[in-house]
Undergrad: 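Let me give you the structure first, and then I'll get to my questions.
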Amino acid sequence: MADVTTAVTAIPLVPFAAFLVALLVGHYKPAALPKGGALAGIAATAVSLALSVWAFLTVGAGGATLSRVWTWVPAANDSFALTFGVLVDPLSALMVVIVSGVSLLVHVFSLGYMNDEGEGGLPRYYAGLGLFTASMLAFALASNLLQAFVFFELVGFCSWWLIGHWFREPGPASAAKKAFLVTRFGDYFLLVGLVGVLGTFGTAAFAGDASFPALAHAALEGEASVNTFGVDPATWFTTLGLLILGGVIGKSAQFPLQTWLPDAMEGPTPVSALIHAATMVAAGVYLVARLYGFYALTPTVLTVIALVGGFTALFAATMALVKREIKQVLAYSTISQYGYIMLGLGSGGYVAGVFHLLTHATFKALLFLGAGAVIIAMHHDEDMWKMGGLKERMPTVYWAFLSGSLALAGIVPFAGFWSKDAVLHHALTVGLGGQPLVLLAYLMGLVAVAFTGFYTFRMVFLTFHGEPRSETARDAGPASANMRVPVAILGVLAAVVGLVNVDPLKGVVGEHLLFLERWLNGPLPGLAGPTAEHYHELVVDVAGFHTVAVSPTVSAVVSLVVALAGVALAWTWYNVPEPSEKTDVLGPTKTLLYNNYYQDEFQTWLATGVVEPLADAVDVFDASVVDGVVNGVSSTSLVASDRLRRVQTGVVTTYTTQLVLGLVVLLLIVLLLGGWF
Amino acid sequence: MLVEALLAVTFVAAFAVLLAPARYAGRLAAVLSLLPLVGSLYAYTAFDGTGNALLGGTPAFETVVPWVDIGGYAIDWHVGLDGISLPLVVLTAVLTTVAVVAARGRIDERRSLFYALLLFTEASLLGVFSALDFFLWFVFWEFVLVPMYLLVAVYGGPRRRYAAIKFFVYTNVASLVLFVGFVMLVVATPVESFGLAAVAEAVRSGAVTGAFGLSAGALTGVAFLALFFGFAVKSAFVPFHTWLPDAYTEAPTPVTVLLAGVVTKMGTYSLLRFNVTMFPDLIRQWALPLAVLAAITVLYGSLAALAQRDAKRLVAYTSIPSMGFVLLGSVAATNYGLAGATFQMVSHGLLVSVLFLAVGSVEDATGTRMINKLSGLADRLPVTAAVLVAGAFGYMGLPLMSGFAGEFFVFTGSFAAPYPHARLVTAVAMFGIVVVAGYLLRLLQGVLMGPFEAPTAVTARSRRDLAPAVVLVLLSIYLGVAPGALMGTIQDAVGAFVALIGGGL
């Protein structure tokens with residue numbers, strides 16, 4: 001399958017070439033770069049998309065492969081080699097299609113959002129997008145945890161780069177730093193977990209018989225021995241799983257490390273769509289899916305994932321209720337939706353989690369791009385209370401945005417309905433099957449459904465319905481074609497993509513219509529391990545997550561009713577000619593929600609109230625105590641200090657003379673003793 | 001003969017430049033510095049050594065010439081390169097050329113002397129990394145001190161006198177202690193030479209006898225500690241580090257490049273050569289306290305860096321945690337730990353030089369290096385900005401640059417180290433990667449982003465000014481993508497340690 005490997009390796013390399021073109025031509029000969037690098041990026045992502053689709057079809061035809069591409073460090077001294085490779089299986093093939101597809105649309109959209117608006121620094125912008133796309137694709141195709149970490153960090157760097165695009169303004173500059181720093185805090189745990197995995201198993205490979213999930217399984221069964229440093233294997237694997245989860249929580253903006261994502265909205269909106277909604281934030285949960293063979297062995301970690309997910313889904317949804325800026329609503333909604341994916345994966349629903357990852361990437365990229373079109377029409381004013389009535393002024397964007405909103409709120413038959421319900425149904429069956437904590441996570445997720453319906457349609461009504469509430473909104477014109485087309489394509493997808501897995505109708509339509517489930521189930525000829533079927537066995541047999549039968553249709557109807565209740569409330573309050581805030585019904589909670597539970601204040605306090613004083617104290621200690629001892633010792637023991645000073649104040653030649661004399665004397669002694677004279 | 005040729009060419013070059021007229025000195029030095037550079041690159045390609053030079057391996061380019069005999073002890077001219085010294089020899093040659101080029105336009109008095117001292121430093125450093133006889137090694141070790149002292153004391157900033165004297169006294173005391181410690185050890189051991197391999201063999205095989213009123217065990221311990229102290233000062237491990245921020249900050253940028261890039265590596269290199277190679281039992285026994293010292297060095301140095309407001313002093317402090325990582329890897333006694341420590345030395349040499357060159361360029365353009373006086377320089381100085389970003393992210397451990405590779409190897413090796421609580425100590429030390437991101441991101445935000453602000457009109461120097469820094473960034477990326485280019489020979493050379501100490505991985 002050498003040709004598969006070559007073609008798949010090209011998937012990230014082509015956007016990387018676009019990055020180099022934008023960077024180098026942009027620096028040396030900007031005039032020679034058409035559209036500031038956009039065209040190179042569009043061409044590259046189109047090639048990547050074509051190759052990704054081809055890889056997808058190849059996997060469907062039984063061509064899943066795992067191959068080594070690059071030996072980073074050769075093996076020596078009974079130690080292991082560190083390598084990079086590609087793992088092409090149903091999960092990664094699906095992910096590269098999502099990433100390159102969204103990236104292509106975002107590149108096209110950027111023509112309208114950046115180029116047509118006369119923004120500066122376009123080569124820098126498109127170089128960043130190219131490097132991001134390349135890194136994200138390489139991350140998705142990674143064959144081992146080290147490689148995943150490498151590209152996990154690189155996408156973080158690109159995030160810093162692109163959030164800080166408008167570096168003149170203090171907001172983006174500070175948000176870029178915060179995004180990198182908070183995710184770096186999570187990545188620290190991931191890095192400890194990674195070296196732990198290498199130390200334990202001697203390999204970080206994801207798939208195959210010698211992969212670390214396979215070794216861990218064998219070790220738990222007592223069929224293999226690995227170095228758990230004297231700790232009981234189950235406990236040790238749980239520890240490693242939790243450490244790796246640190247990186248996931250940071251990157252996928254889960255509680256308590258979600259604070260960077262709303263700030264990241266300071267970046268250009270196409271960047272928010274690509275990086276901070278559809279793909280990079282997905283890297284965290286994708287890693288959980290990628291490591292599912294390992295996580296399925298540790299019920300404690302699974303439960304933690306489910307709880308973090310359920311709580312984040314609810315917690316972030318509450319903050320979205322009161323936001324004034326359209327991108328802020330979407331940011332909190334992104335956090336909340338990744339909570340659902342975590343909930344699905346944590347309750348053992350691998351297919352459900354991946355399904356929601358797919359649909360969310362579609363409808364959230366759509367909503368961000370739609371919001372971007374609105375923001376351009378509003379001349380970068382993001383306050384929804386100044387919008388209103390945009391439905392008539394930009395109809396294409398409105399209908400597409402509505403499709404995405406229905407998907408987000410989980411209204412049948414739009415994408416989010418099917419996938420969110422698959423998640424909730426799975427969590428419910430496992431929760432009732434003897435996992436009370438998962439049941440708790442389910443309940444939080446269910447409550448969040450009502451909030452989601454509410455904040456989504458609050459946003460739709462305030463933005464598009466009613467009368468314009470400002471001059472800008474009154475004068476808003478339709479979006480340009482290069483913004484309308486990507487939005488329209490995603491609008492159609494958001495309506496239909498859920499049909500790939502009509503999970504709630506399982507009993508009604510038969511298994512053959514669950515395309516995604518069959519796709520992920522395998523079997524994969526020649527590649528053991530990374531299939532949903534295998535994961536399911538592990539979740540049941542090793543983690544002990546059993547399910548009770550609950551009709552998927554009943555569960556779906558329950559969540560649909562809950563979602564509609566939220567929508568209905570938003571309808572009555574905000575789908576009126578002159579809506580008012582209505583936030584007073586929340587009482588004092590309102591302030592709490594406006595201020596995001598004061599979490600930012602807490603983290604700022606950690607930085608400026610704890611770490612900085614500590615650093616200053618170390619600095620003072622360094623200058624007074626440590627250095628003071630040194631100065632004290634040197635002035636008393638060597639020579640009386642004033643005499644030393646007299647020696648010091650001499651001219652250069654004095655120093656030279658002293659030093660050279662000293663050395664000559666030393667050499668003379670050696671030579672004399674050695675009998676050379 | 002290659003090593004002799006390298007040394008001779010460099011020393012002769014130093015004298016030639018000293019005698020040259022000031023206005024040609026810079027150009028001449030740049031051209032002449034290419035000779036050892038080409039020579040060291042040739043050494044890299046023609047390298048045929050195997051194993052560890054002190055542990056029965058065959059060094060490349062080895063020569064042994066009996067030299068003198070003192071009281072029954074043979075002192076030989078014994079030089080050669082193995083997988084540990086070769087990367088440092090190349091690093092020395094690369095960074096010297098960088099320093100010479102970077103000095104153009106920055107140094108405008110006593111230029112002949114300046115460039116001659118740079119080349120003299122290079123020659124001495126090459127000697128330190130290639131000597132395989134203690135006495136020879138020590139002579140070169142002391143040789144480094146002379147030009148370094150003068151370069152700081154004569155060409156440095158406002159507090160140069162204080163910084164230079166401090167550096168000189170500090171490292172001289174350290175040299176004295178390690179010298180006495182090593183000589184005591186040799187006297188108590190039935191060897192007839194100062195050859196490092198012979199002494200190492202004798203100490204390892206337990207041939208040390210009691211002397212100076214000390215038992216054999218106590219004497220070995222004293223010698224171990226004396227050597228460690230000497231190297232700890234040179235490498236600036238906490239709490240022996242306070243010479244470093246003063247010297248780095250006061251020295252002119254080209255000198256700081258050599259000082260931070262190579263001179264501190266003398267300490268960590270020698271730590272591997274002496275403490276780790278000669279005293280495997282003691283390293284095993286002392287691994288935990290030394291690793292704790294490494295963790296303290298990392299966190300203390302990082303926190304102190306966080307408090308700095310002067311960009312150059314901030315970068316100076318960043319060296320301290322990096323050296324802490326080298327110590328962490330060195331005491332781990334595992335394949336990745338020891339090889340990672342060596343790799344990290346090279347990587348740190350490249351990246352810290354990039355940072356100093358970038359900060360120097362900012363200072364040249366704006367007349368200040370106080371972070372709070374600068375703002376929004378990104379588009380006024382685009383090349384400087386790009387180099388600063390690359391250097392800072394490389395330093396933070398951005399993958400596919402050498403910094404990540406070096407730190408990752410150290411962490412991998414240290415996590416699996418055989419001493420007790422290795423996991424915990426490693427995890428604590430690793431937290432340094434978060435703090436380092438904190439202060440370097442703040443530096444980037446402060447200097448490059450925000451509304452444009454600088455005390456004077458910003459005048460960027462020519463585009464070529466940062467060419468050496470760009471070359472170093474590319475080298476760092478090359479080593480980050482293909483660390484195997486060095487790791488092959490390094491792993492070969494540390495194999496004997498690993499077998500000796502039995503660390504695995």
Side-chain angles (χ1 to χ4, degrees), chain A residues 27 71-74 76-80 149-151 153-154 157 160 164 167-168 170 173-174 176-177 180-181 184-185 188 191-192 195-196 198-199 202 227 229 607 611-612 614-616 618-619 622 626-627 630 634 638 644 648-649 652 655-656 659-660 663 666-667 670-671 673-676, chain B residues 67-71 75 135 139 142-143 146 149-150 153-154 161 165 169-170 239 242 300 303-304 306-308 335-336 376 378 393 398-400 404 408-409 411-412 415-416 423 426-427 430-431 433-434 437-438 441-442 445 448-451 483-484 487-488 491-492 494-495 498-499 504-505:
Chain A
H27 181 69
T71 300
W72 201 48
V73 178
N77 307 328
D78 302 328
S79 192
F80 44 81
F149 182 83
V150 163
F151 292 105
E153 290 295 293
L154 279 172
F157 168 65
W160 175 85
F167 62 88
R168 273 277 175 271
S174 172
K177 179 180 72 175
F180 193 88
L181 207 51
R184 174 50 82 102
F185 183 75
Y188 158 73
L191 185 59
V192 177
V195 297
L198 281 170
N227 180 10
F229 304 100
V611 179
E612 279 188 14
L614 184 64
D616 289 336
V618 166
D619 192 43
D622 203 47
V626 183
D627 211 21
V630 172
S634 59
L638 288 170
L644 183 67
Q648 283 174 41
T649 47
V652 184
Y655 299 126
T656 326
L659 287 162
V660 173
L663 277 165
L666 187 71
L667 272 178
V670 171
L671 295 177
L673 285 171
W676 273 33
Chain B
W67 191 20
V68 289
D69 202 63
I70 311 174
I75 294 174
F135 226 92
V139 168
E142 289 293 287
F143 266 14
V146 184
Y149 168 75
L150 288 171
V154 179
R161 292 278 154 75
I165 286 285
V169 170
Y170 228 129
T242 56
Y300 183 98
L303 282 172
L306 197 57
Q308 304 309 315
N335 174 55
Y336 273 109
F393 274 93
L398 184 71
L400 302 188
F404 171 73
F408 180 74
F409 301 151
F411 298 154
T412 303
F415 192 87
R423 261 75 45 209
T426 307
M430 282 170 72
F431 195 74
I433 68 163
V434 179
L441 286 172
R442 201 169 62 179
Q445 186 193 346
L448 301 179
M449 297 173 156
M487 282 297 273
Q491 290 192 109
D492 182 45
V494 301
V498 180
L505 280 190

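Numbered from 1 within each chain, the chains take letters A, B, ... in sequence-line order. Worth knowing before you read on, the calculation uses all heavy atoms, side chains too, and leaves out hydrogens, waters and symmetry mates.
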Undergrad: Going by the angle between their ring planes, with limits at 30° and 60°, are F408(B) and W72(A) parallel, tilted or perpendicular?
TA: tilted
Undergrad: Against chain A, label M430(B) side chain, backbone, both or neither, depending on which of its atoms sit under 4.5 Å from a heavy atom there.
TA: both
Undergrad: For residues L154(A) and P399(B), report the shortest heavy-atom separation together with the two atoms involved.
TA: CD2-O, 3.9 Å
Undergrad: Looking at side-chain heavy atoms only, is the closest gap between V150(A) and F404(B) below 4.5 Å?
TA: yes
Undergrad: If I compare all heavy atoms of A76(A) with all of N335(B), which pair ends up nearest, and what's the gap?
TA: O-ND2, 3.7 Å
Undergrad: Taking all heavy atoms of Q491(B) and all of P74(A), pick out the closest pair and write down the distance.
TA: NE2-O, 2.9 Å
Undergrad: How long is the span from the CG atom in D619(A) to the OH atom in Y300(B), to the nearest 0.5 Å?
TA: 8.0 Å
Undergrad: Looking at chain A, which one of A427(B), G484(B), G438(B) has the largest number of heavy-atom pairs inside 4.5 Å, strictly under?
TA: A427(B)
Undergrad: Calculate, to the nearest 0.5 Å, the distance between atoms CG and CG belonging to D616(A) and L306(B) respectively.
TA: 8.0 Å
Undergrad: Between R168(A) and G376(B), is there a donor-acceptor pair closer than 3.5 Å when you use the side chain of the first and the backbone of the second?
TA: yes
Undergrad: Taking all non-hydrogen atoms of both residues into account, name the closest pair between L181(A) and V434(B) and its distance.
TA: CD1-O, 3.9 Å
Undergrad: Can you tell which part of T71(A) gets under 4.5 Å to a heavy atom of chain B, answering side chain, backbone, both or neither?
TA: neither
Undergrad: Under a 4.5 Å heavy-atom cut-off, does chain A meet the side chain of R442(B), its backbone, both or neither?
TA: both
Undergrad: If I compare all heavy atoms of A416(B) with all of F229(A), which pair ends up nearest, and what's the gap?
TA: CA-CE2, 4.0 Å
Undergrad: Heavy-atom distance under 4.5 Å between the side chains of L198(A) and F415(B), does that happen here?
TA: no
Undergrad: Taking the side chain as C-beta and beyond, is there a heavy-atom pair between L191(A) and F411(B) under 4.5 Å?
TA: yes
Undergrad: Taking C-beta and beyond as the side chain, do V195(A) and T426(B) meet within less than 4.5 Å on heavy atoms?
TA: no
Undergrad: Should F409(B) and V73(A) count as side-chain neighbours, where that means a heavy-atom distance under 4.5 Å?
TA: yes
Undergrad: Measuring from atom CD1 of I433(B) to atom CZ of F185(A), what distance do you get when rounded to the nearest 0.5 angstrom?
TA: 11.0 Å
Undergrad: To the nearest 0.5 Å, tell me how far F180(A) CZ sits from L398(B) CG.
TA: 6.5 Å
